[in-house]
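A short write-up of the structure that comes next.
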Amino acid sequence: MRILKMQSKFLEEFLESLSKFGVLYGPTWRNGVLTYDRIDNFGDLALVDEHPMIPLKKLLHPKRFDMFQFDEEGFTPDYSLFEKRVVLGVHPCEIHGFLRLDDVFLEEPSDPYYAGLRKDTAIIGFSCLPTENSLCKSTGTDIVEEGFDLFFVDLHEFYLVWVGSSLGHDMVYEREEFFDKTVTHDDIQNYIEWRMDRDGMFKRSFSYWNMPDIMELSYDSEIWEYFGRKCLACGQCTMVCPTCNCYTLTDIFDVTNKVSGRRERVWDSCMFVDYSLVAGDHNFRESRADRLKLWYTHKLKAFGDEYGKPACVGCGRCVETCPVDINVLTVSEALLSGEVPKD
Ligand code: SF4
Ligand code: SF4
């Protein structure tokens with residue numbers, strides 16, 4: 001993979017020039033909340049170490065949209081959300097997050113909505129330093145080797161820039177004057193030292209690679225009942241998790257004397273009581289304990305059995321979000337110890 005160098009003073013002008021390749025999106029503060037949104041004024045772009053609370057999945061797998069309109073003759077797909085976009089400031093765990101979504105949505109038969117949005121979205125990755133709850137060192141998602149068009153590592157006076165796709169090459173080619181093609185041994189040494197310093201900044205970790213076996217042994221553990229009694233079934237953990245991708249469908253009929261309407265797709269959560277409700281009023285997971293067990297089994301074991309890597313990318317959002325302190329840290333600690341936590 002090609003590595004280039006850019007002096008920091010050229011960054012803003014280069015990123016602004018990427019609007020030629022699509023509408024610019026990136027992290028920005030809205031009413032005190034960091035969120036991915038359109039960047040109309042470049043000064044609004046927030047290249048910070050924190051992650052937006054709602055992950056990048058919202059741009060690739062939107063939380064609510066119309067899939068198609070239908071009438072008595074048939075249906076017409078609605079692809080009006082598709083647009084060429086360039087997302088700036090995407091952190092490594094976020095990239096790993098949508099690579100997991102690729103596994104799910106691009107597997108044949110692929111999801112045309114996700115596939116279209118993904119194809120039209122260029123990713124400009126940025127390095128970050130660990131924040132209070134970063135767990136990406138534990139999950140091996142602190143670096144990326146794929147999933148981006150360009151990836152910038154901030155080494156203060158300059159950036160090292162990895163070119164990850166032919167589109168990335170085109171972006172560089174447009175403003176070649178900003179790039180230095182001679183990356184020296186000292187530059188790489190600086191990068192290695194930056195990684196070593198950063199590795200020492202992580203404050204939290206968990207026993208990620210042992211979790212598949214621990215989950216297997218913990219199916220009947222009382223720990224699930226303990227967490228089930230605390231859980232509020234609010235679904236926040238699933239909304240903020242970059243790899244959660246469940247949705248529900250509703251047909252909304254027009255009020256006319258002919259059959260017509262639209263099919264709407266909305267994020268769903270396996271933490272909601274009606275998620276596993278089926279015809280005949282049977283519910284496979286009526287208890288909160290069962291629903292939590294499903295989520296953690298899927299996240300830390302079952303996804304890995306199917307796709308070769310677990311579905312937690314260590315972003316730490318569940319740690320920051322759950323109002324009653326149920327998250328990958330507290331659950332994995334309890335399961336590893338085999339003891340029901342003491343309140
Ligand atoms: S389980 Fe928690 S830490 Fe892991 S990816 Fe989901 S929100 Fe992030
Ligand atoms: S685990 Fe926490 S965030 Fe998730 S549904 Fe339960 S209370 Fe809400």
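The basis for the numbers below is simple: all heavy atoms, side chains too, and nothing from hydrogens, waters or symmetry mates. Numbering of ligands and ligand atoms starts at 1, following listing order.
Below 30°, between 30° and 60°, or above 60°: for Phe126 and Phe152 the angle between ring planes is below 30°, a parallel geometry. In this structure, Tyr191 and Trp162 have tilted ring planes: the angle between them lies in the 30° to 60° band. Note on ring orientation: taking the six-membered ring where Trp is involved, the planes of Phe284 and His282 are perpendicular (angle over 60°, cut-offs 30° and 60°).
Annotation for His156: atom NE2 does not count as buried by contact number, only 12 or fewer foreign heavy atoms lying within 6.0 Å. Within a 6.0 Å radius of CD in Glu157, no more than 12 heavy atoms belonging to other residues, nucleotides or ligands are found.
Proximity to Val324 (heavy-atom distance under 4.0 Å) selects the following atoms of ligand 2: 7 (S). Near Ala233, the atoms of ligand 2 lying under 4.0 angstrom from a non-hydrogen atom of the residue are 5 (S), 6 (Fe). Every atom of ligand 2 with a heavy atom of Met271 under 4.0 Å away is listed here by number and element: 5 (S). Near Cys237, with a cut-off below 4.0 Å to any heavy atom, the atoms of ligand 2 are 1 (S), 3 (S), 4 (Fe), 5 (S). Remark: ligand 1 atoms within the under-4.0 Å shell around heavy atoms of Trp295 are 1 (S). Near Cys318, meaning under 4.0 Å from any of its heavy atoms, are these atoms of ligand 1: 1 (S), 2 (Fe), 3 (S), 7 (S).
Residue Tyr208 does not touch ligand 1, judged by heavy-atom distances below 4.0 Å.
Scanning all protein heavy atoms for the shortest distance to atom 4 (Fe) of ligand 1 gives Cys312 SG, 2.3 Å. Among all protein heavy atoms, the one lying closest to atom 7 (S) of ligand 2 is Leu232 N, 3.2 Å. Closest protein heavy atom to atom 1 (S) of ligand 1: Val328 CG1, 3.5 Å. Ranking protein heavy atoms by distance to atom 2 (Fe) of ligand 2, first place goes to Cys322 SG, 2.3 Å. Looking at atom 5 (S) of ligand 2, its nearest protein heavy atom turns out to be Gly235 N, 3.2 Å. The protein heavy atom nearest to atom 8 (Fe) of ligand 1 is Cys315 SG, 2.3 Å.
Comment: Glu94 does not engage Lys57 in a salt bridge, judged by the lack of any side-chain N to carboxylate O separation of less than 4.0 angstrom.
Side chain to side chain, Glu339 and Tyr226 fail the donor-acceptor criterion of an N or O pair below 3.5 Å. Thr121 and Arg85 share a donor-acceptor pair across their side chains, judged by distance under 3.5 Å alone.
Here Cys234 reaches atom 8 (Fe) of ligand 2: one of its N/O/S atoms is less than 2.8 Å from the metal. Counting backbone and side-chain atoms alike, Cys93 contributes no N/O/S atom closer than 2.8 Å to atom 8 (Fe) of ligand 1.
Ala233 approaches Met271 most closely through the heavy-atom pair CB-O, 3.5 Å.
Residue Val313 places a heavy atom less than 4.0 Å from ligand 1.
Closest to atom 6 (Fe) of ligand 1 by heavy atom, among Pro242, Cys241, Gly316, is Cys241.
For the pair Arg175 and Phe14, the cation-pi criterion (under 6.0 Å, within 45° of the ring axis) is not fulfilled. Both tests do not hold together for Lys58 against Tyr36: distance to the six-membered ring centre under 6.0 Å, angle to the ring axis within 45°.
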